S.K.: 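One structure follows; several queries about it will come next.
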Amino acid sequence: MTTPASPHAGRVLRVGTRGSALALAQSGQVADAVAAALAASGSASGSTASTVPQGFPESAPAVAVELVRIRTEGDVNRAALASIGGTGVFVTAVRQALRDGTVDLVVHSAKDLPTAPESDLRLAAVPAREDPADALCSKDGRGLAELAPGARIGTGSPRRAAQLLARRPDLEVVPIRGNVDTRLGYVDSGELDAVLLAAAGLRRLGRAERISQRLDPSEFVPAPAQGALAVETAAHPEVPWYQTGLAAIDDLPTRLAAAAERAVLAGLEAGCSAPVSALAVPDGDMLLLTAQVTAPDGSAQLTRQLRFPLPGTVAGRDGTGVDEPGSAGADGADNADGAAGIAGTGVDPTAIAALEAPAVAAGLELASGLLADGAAGLMGRT
Ligand SMILES: NCc1[nH]cc(CCC(=O)O)c1CC(=O)O
């Protein structure tokens with residue numbers, strides 16, 4: 001008998017993913033980070049045995065990752081997407097694999113998740129955010145201000161269309177669909193002068209060089225939770241073997257920012273296709289939340305801001321509670337602190353809800369304020 005280098009040596013983490021390039025990149029990057037953290041936690045916790053299990057090469061990672069591709073009806077038949085329920089069908093399909101127990105975890109783009117919680121699933125980790133900004137990818141590297149009058153800009157997002165028109169009412173917004181490469185292809189072919197995409201998706205795909213102009217997210221406020229990922233698991237009553245790996249990648253500032261931003265959307269009773277923007281950014285020991293609603297034609301815009309506390313460290317191992325807000329000081333945004341916090345609370349939904357409560361309250365408060373300002377009328381509902 002050999003002694004494994006890590007208590008998880010030889011185990012396989014099954015990660016469900018859609019087959020798109022972006023989904024595969026995101027799922028692969030998260031899965032690798034979880035597996036690396038599990039391997040490290042094994043050796044860091046005093047397992048000094050250096051023998052690897054039989055059949056494993058010396059350099060093999062302690063935990064193997066299996067990406068399980070989930071083909072959805074929306075992937076097979078893109079044209080029928082709207083009739084079978086919009087992009088929510090992608091989320092539903094990968095969640096089904098969790099519910100069936102055929103995968104351990106799935107990775108979503110947090111901005112694509114419906115705001116309604118699912119009681120049999122857990123938001124098990126929210127990794128540190130990628131750039132939340134929107135990015136203009138133009139034919140000849142021009143920025144928004146340099147585009148010719150009447151230039152044709154592709155986006156499938158009513159929010160991006162509205163925000164573009166608010167700055168440049170002369171532009172022609174062209175509705176487009178498809179994956180990131182398809183969209184960039186419209187610019188390469190000359191069919192469009194530019195497209196607007198999430199900087200995060202471009203970066204994760206190694207396409208950051210296609211960004212002509214990063215649109216300052218404090219002005220061109222992005223979609224709620226843009227740039228953030230959501231790692232979801234089934235709500236097992238017992239602690240899963242890979243929990244320390246999830247805890248290690250959880251980032252508390254990102255988790256709370258996404259919770260607040262998504263609460264804005266929920267409070268406005270708006271879907272992911274509504275012209276709603278929200279972004280929370282760390283500001284000392286607070287998060288500064290900005291929420292914005294834009295009229296579809298760009299003719300009017302409402303903006304509100306609110307600060308809410310970013311809790312410092314939470315009770316680490318026992319998960320019993322949360323420190324006083326702000327107690328972490330400048331350390332509050334530190335990745336390791338967030339990880340330590342969720343390590344204790346990661347499988348306790350009540351503790352997580354308590355941690356997220358001030359963020360959710362802030363988002364709902366901003367939504368109420370925007371509704372009082374006339375947001376429903378602006379979005380085309382009265
Ligand atoms: N709705 C598609 C989608 N969902 C998440 C991203 C980008 C990655 C992210 O926001 O984390 C994209 C593509 C885009 O908006 O350009």
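Both counts, for ligands and for their atoms, begin at 1 and track the order of listing. Model, not experiment: these values are computed from the prediction.
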S.K.: Identify, by atom number and element, the atoms of ligand 1 in contact range of L197, meaning under 4.0 Å from any of its heavy atoms.
M.R.: 16 (O)
S.K.: Would you mind telling me if ligand 1 is within reach of the side chain of K111, the backbone, both or neither, using heavy atoms under 4.0 Å?
M.R.: side chain
S.K.: With respect to atom 13 (C) of ligand 1, which of L205, L202, L22, L229 exhibits the smallest heavy-atom separation?
M.R.: L22
S.K.: For L288 and Q305, what are the C-alpha separation, side-chain angles and deciding distance, and is it a side-chain contact (heavy atoms from CB on, under 4.5 Å)?
M.R.: CA-CA 7 Å; L288 173 60; Q305 288 191 314; 4.0 Å; yes
S.K.: Using a heavy-atom cut-off of under 4.0 Å, does the side chain or the backbone of D112 touch ligand 1, or both, or neither?
M.R.: side chain
S.K.: Cut-off 3.5 Å, side chains only: do D100 and T102 have a donor facing an acceptor?
M.R.: no
S.K.: Do V276 and M379 have side-chain heavy atoms sitting under 4.5 Å apart?
M.R.: yes
S.K.: Can you tell me how far the CZ atom of F90 sits from the CZ atom of R95, to the nearest 0.5 Å?
M.R.: 14.5 Å
S.K.: Is there any N or O on R204 that sits under 3.5 Å from an N or O of ligand 1?
M.R.: yes
S.K.: Number the atoms of ligand 1 from 1 as they appear, then name those within less than 4.0 Å of a heavy atom of R160, with their elements.
M.R.: 14 (C), 15 (O), 16 (O)
S.K.: Find out whether L22 and L24 are in side-chain contact, i.e. whether some heavy atom of one side chain is under 4.5 Å from a heavy atom of the other.
M.R.: no
S.K.: Checking side-chain polar atoms at under 3.5 Å, does Q163 have a donor or acceptor matched by the opposite partner on R167?
M.R.: no
S.K.: Among R159, R214, K111, which residue satisfies the salt bridge (charged side-chain N to carboxylate O under 4.0 Å, His left out) criterion with D134?
M.R.: R159
S.K.: Under 4.0 Å from a heavy atom of Q226: give me the atoms of ligand 1 that qualify, with their elements.
M.R.: 10 (O)
S.K.: Using a 4.0 Å heavy-atom cut-off, which part of S109 comes near ligand 1: side chain, backbone, both, or neither?
M.R.: side chain
S.K.: For G227, take its heavy atoms, then give the atoms of ligand 1 lying under 4.0 Å from any of them.
M.R.: 9 (C), 10 (O), 11 (O)
